[in-house]
2 protein chains.
Amino acid sequence: MTVHPLPADFGAFPFALPGGHPADSRHAQPVTCHAAGNEIYAQGEKAGCLYQVEFGAVRVYRLLSDGRRQISAFHLAGEVFGFEADGTHHFFAEAIGATGIRTLRLQAAADLSHALLPLALQSLVRAQEHLLVLGRQQAAERVAAFLLDMAERQGVLERFDLPMSRTDIADYLGLTIETVSRVFSKLREKGIIRLHGLRGVEIARWQTLRDMSE
Amino acid sequence: MTVHPLPADFGAFPFALPGGHPADSRHAQPVTCHAAGNEIYAQGEKAGCLYQVEFGAVRVYRLLSDGRRQISAFHLAGEVFGFEADGTHHFFAEAIGATGIRTLRLQAAADLSHALLPLALQSLVRAQEHLLVLGRQQAAERVAAFLLDMAERQGVLERFDLPMSRTDIADYLGLTIETVSRVFSKLREKGIIRLHGLRGVEIARWQTLRDMSE
DNA sequence: CGAGATTTTGAAAAATTTCAACATTCGTGG
DNA sequence: CCACGAATGTTGAAATTTTTCAAAATCTCG
């Protein structure tokens, strides 16, 4: 299975804000449903669209010559991604699980560059925050920051599901899967988080986690 | 010494492209000269300007609660920085050595948001590239990528000067100063680079360095 | 030239990775 | 509905890398 068109009365793209729900459907854009692992765009492809996650999650990554994969960003429902400075994609983007993506063709809407700047700056903020996490020397600090970020971006008070695998998390945090797993276990043993299956997470002590992530 | 006004016929801000030289002086903006360590803006301050480096270099960083400092970006001559998504600075910016900064007040030029988008995307690209460097697990890979980036941004064929200290480099790469120093020494011993004093660098084997940085 | 700051080097300690084995989860089909 | 198998995740122990702490060397500037 690859791509399904959807009935899609989800709302218009440029009026949808990251983290919120689209509110206007006058300029409804095509929405496609991607299965897990589905490619949204590839490195080297010509870029001409922006993408907004309707549901599900997306990973954006680059492959290194030795086969390692560095994930530069995860995108959750409501978030917009796909900005490129020179008209070419320098990353791969793919659906993590079943994911709905709204597409905006930029050529057809040259006049909304003023609406694009805030979205681009949002991407910049996310990249900068991720940068700060990767600069941390301790694995536990990175994982703590990651969990808080995921919880906050999902607007969660207690239990939530991580859309991505441990391998994805490792490639996002610049760690190995084993180190990520060990940190999860340690946080669980200390009663800071509770795990429900492989994906379910519950943050028991928010402040402790915040102190860890600094 | 803090800030000097300059005669400044350097050229107009919005027409200057990162990496190039300003070409039009019809809308010349104020240029100030900062001494080493001079603050350009502080975290928490209201943001209303963009900045372009005329000469010298700038570091942009955040202080962590335990006193550590994470440098998110260095900016060299020609580059524009200071983008903020919400009108507030979330980082500190300061001159590394003697540095000339051209300032653009954004309120006075609301109509050039279309000229701003490419500059913002440029910042995004730099942040994403830095992200990939920080994701590398080996210190030598990070230092190799850093040296190549510095050389290329200065448009250098052979010898060039690093504007920043080893401590700055360490805080930029998420390493300790000792590790950075050891990697420099190792690269020198292997004949991959040559060092001239503390700041001068000469890349002897570009391809070897590229292979290291992947 | 000399003093302070910066950088380099060494050795031990700590953290992470690697390699290997084991456990758990999830989907599928009987 | 349970069992099976593949995929994913966890744990252990050794090897490697990086950090930490300490001291020596080098550089810069007055």
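Throughout, protein chains are lettered first and strands after them, A, B, ... in sequence-line order, and every chain is numbered starting at 1. Bear in mind that the values here come from a model prediction, so they are computed numbers and not experimental data. FYI, side chains are in, hydrogens and waters are out, and symmetry mates aren't considered; it's all heavy atoms of this structure.
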Nearest-angstrom distance from the residue atom [atom1] of [X] to [atom2] of [N]:
{"X": "B:L187", "N": "C:dT7", "atom1": "CG", "atom2": "C1'", "result": "16 Å"}
{"X": "B:M164", "N": "C:dT6", "atom1": "CE", "atom2": "P", "result": "16 Å"}
{"X": "A:R136", "N": "C:dT16", "atom1": "CZ", "atom2": "C1'", "result": "18 Å"}
{"X": "A:L173", "N": "C:dA15", "atom1": "CG", "atom2": "C1'", "result": "16 Å"}
{"X": "B:L198", "N": "D:dA25", "atom1": "CG", "atom2": "C1'", "result": "11 Å"}
{"X": "B:E141", "N": "C:dT17", "atom1": "CD", "atom2": "P", "result": "12 Å"}
{"X": "B:D171", "N": "D:dT19", "atom1": "CG", "atom2": "C1'", "result": "14 Å"}
{"X": "B:R166", "N": "C:dA5", "atom1": "CZ", "atom2": "C1'", "result": "14 Å"}

With sugar-phosphate meaning primed atoms plus P, OP1 and OP2, does [X] contact a base, only sugar-phosphate, or nothing at under 4.0 Å between heavy atoms?
{"X": "A:R188", "answer": "sugar-phosphate"}
{"X": "B:T179", "answer": "base"}
{"X": "B:Q137", "answer": "sugar-phosphate"}
{"X": "B:S181", "answer": "base"}
{"X": "B:G174", "answer": "sugar-phosphate"}

Q) Is a side-chain donor or acceptor of B:E54 paired with a backbone partner of B:C33 at a separation under 3.5 angstrom? A) no

Shortest side-chain distance from [X], nucleotide among [options]:
{"X": "B:E178", "options": "C:dT17, D:dT20, C:dT7", "value": "D:dT20"}
{"X": "B:L175", "options": "C:dT8, D:dT10, D:dT19", "value": "D:dT19"}
{"X": "B:R199", "options": "C:dT7, C:dA20, D:dG9", "value": "C:dT7"}
{"X": "B:Q138", "options": "C:dT7, D:dT18, D:dG9", "value": "D:dT18"}

Q. How about B:E158: does its CD atom have over 12 heavy atoms from other parts shown lying under 6.0 Å from it?
A. no

Q: Look at the side-chain N and O atoms of B:S185 and state whether any lies under 4.0 Å from the OP1 or OP2 oxygen of C:dT9.
A: yes

Q: Respond yes when some side-chain nitrogen or oxygen of B:T176 is under 4.0 Å from OP1 or OP2 of D:dT19, and no when none is.
A: yes

**Q.** Donor-acceptor pair present, A:R182 side chain and D:dG12 base, under 3.5 Å
**A.** yes

Q.
For a quick test of reading the model, state the closest non-hydrogen atom pair linking A:Q137 to A:R142 and the distance between them.
A. O-NH2, 4.4 Å

Q: Cation-pi check, A:R62 to A:F92: give yes when NZ or CZ is under 6.0 Å from the six-membered ring centre and within 45° of the ring axis, no otherwise.
A: no

List the atom pairs, donor and acceptor, that lie under 3.5 Å between side-chain atoms in residues 172-183 of chain B and the rest of the protein, sequence neighbours left out.
| from | atom 1 | to | atom 2 | distance (Å) |
| --- | --- | --- | --- | --- |
| B:T176 | OG1 | B:T179 | N | 3.3 |
| B:T176 | OG1 | B:T179 | OG1 | 3.0 |

